[in-house]
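Okay, so here's the structure we're looking at.
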Amino acid sequence: MAQRPLIAGNWKMNGRRADAGWADAFASAGPAPEAAEVALCPPFPLLALMGDSLAAAGVALGAQDCSAEAEGAFTGEVSADLLADLGCRYVIVGHSERRRRHSESDGLVRRKAEAALAAGLVPIICVGETAEARDAGHAEAVVAEQVARSRPSGGGFAVAYEPVWAIGAGRAAGPRDASAMHAHIRHALGAEAAGVRVLYGGSVTPDIAPDMLAAQGVDGLLVGGASLDPDALWRIAQAAG
Ligand code: PGA
């Protein structure tokens, strides 16, 4: 894979204005990690506040969701176009917390990804099986179906494999299991999506990052809880090289 691995932090519903100094702390953790591209996805209201300092620290800006609609009467939604206008490069779509809590279907996730692409953003499309699906031996089938139904045609996007049972659980998938699922995802994507990065997410810490990034087919990481700590995300990014 020719592209640098992508290390993306997902703050979820955490952070206040006082945390906007994260970028400065990241920059003082050490020299900018060169082997990886780093992105941070804070909550919407912090995007405008953090964009410049993140750029100065060499960290790309990302959002956690976008509307499937371009603009108009959609109260509470945020358009991909506004995210691009604010300087975002990435947007997470279809995170399992949104699929579950907001009943987001694969079809809606695909439309969000298409809206992101139309605005010039790189959507990070999340997929992943529940513990029940894994225990029943259906993990690969569930993930393949999510990929097939949530992806736009062509490329230009990234996929994050986030097994639901590993998110916020303190128990990540093993690198071998992640590798196997990533190969399966790449197969499901087909030749059309050759340049697509497939990230792993779920309880990533600086301790497991080196093994995970060394695993075959793991093109980066989507980091939740650990990304709140600038030093931890810096160490995770350092593990790429
Ligand atoms: P976690 O979250 O790293 O806190 O497990 C990952 C995610 O949900 O993106």
Side-chain angles (χ1 to χ4, degrees), residues 5-15 19 22 26 36-44 46-47 59-66 83 88-104 109 112-113 116 121-131 133-134 139 142-143 146-147 150 157-175 177-178 181-182 185 196-213 215 218-240:
L6 172 63
I7 308 297
N10 172 15
W11 273 14
K12 309 192 179 188
M13 200 176 73
N14 294 294
D19 300 307
W22 184 98
F26 181 87
E37 181 184 356
V38 183
L40 190 73
C41 307
F44 291 132
L46 295 181
L47 292 172
V59 177
L61 191 62
Q64 299 174 17
D65 185 34
C66 69
L83 298 178
C88 286
R89 170 160 172 72
Y90 294 99
V91 59
I92 297 168
V93 293
H95 191 284
S96 63
E97 287 152 13
R98 294 205 61 85
R99 288 177 182 267
R100 192 177 68 245
R101 299 185 65 92
H102 300 274
S103 306
E104 292 196 2
V109 174
K112 289 185 173 197
L121 300 174
V122 178
I124 301 173
I125 303 168
C126 298
V127 297
E129 81 285 2
T130 60
R134 177 155 284 263
V142 165
V143 170
Q146 285 179 332
V147 169
S150 308
F157 56 89
V159 174
Y161 168 53
E162 297 207 306
V164 177
W165 48 267
I167 294 176
R171 178 174 71 109
D177 284 345
M181 188 60 93
H182 284 217
I185 289 171
V196 169
R197 290 188 282 201
V198 183
L199 319 182
Y200 168 80
S203 295
V204 172
T205 62
D207 287 346
I208 70 154
D211 284 348
M212 205 49 110
L213 286 167
V218 174
D219 307 319
L221 302 168
L222 183 54
V223 185
S227 73
L228 295 167
D229 175 357
D231 193 59
L233 199 68
W234 184 87
R235 285 190 288 143
I236 289 168
Q238 271 305 101

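Keep in mind that this is a model prediction, so the values were computed, not measured. One-based numbering, in listed order, for ligands and for the atoms of each.
- Of all protein heavy atoms, the one lying nearest to atom 7 (C) of ligand 1 is Glu162 OE2, 3.1 Å.
- The nearest protein atom to atom 2 (O) of ligand 1, hydrogens excluded, is given as Lys12 NZ, 3.3 Å; this is a heavy-atom distance.
- Annotation: atom 3 (O) of ligand 1 to nearest protein heavy atom, Gly224 N, 2.8 Å.
- In terms of polar-atom proximity, defined here as any N/O pair under 3.5 Å, Gly202 makes no such contact with ligand 1.
- Ranking the protein heavy atoms by distance from atom 4 (O) of ligand 1 puts Gly225 N, 2.8 Å first.
- Close N/O approach between Val223 and ligand 1 is not found [any backbone or side-chain N/O within under 3.5 Å].
- Residue contacts with ligand 1 for Ile167 involve both N, CA, C or O and side-chain atoms from C-beta outward (heavy atoms, distance under 4.0 Å).
- For the residue pair Glu162/His95, the side-chain donor-acceptor check at 3.5 Å is satisfied.
- Proximity of a side-chain donor or acceptor of Tyr161 to a complementary backbone N or O of Pro163 within less than 3.5 Å is not detected.
- Donor-acceptor pairing under 3.5 Å is recorded for the side chains of Ser150 and Arg99.
- Judged by distance alone, with hydrogens and angles left aside, the side-chain atoms of Ser203 form a donor-acceptor pair with the main-chain N or O of Ala166 at under 3.5 Å.
- Under a 3.5 Å cut-off, the side chain of Glu104 and the backbone N or O of Val109 do not form any donor-acceptor pair.
- Checked against a 3.5 angstrom limit, the closest N/O atoms of Glu97 and ligand 1 fall outside it.
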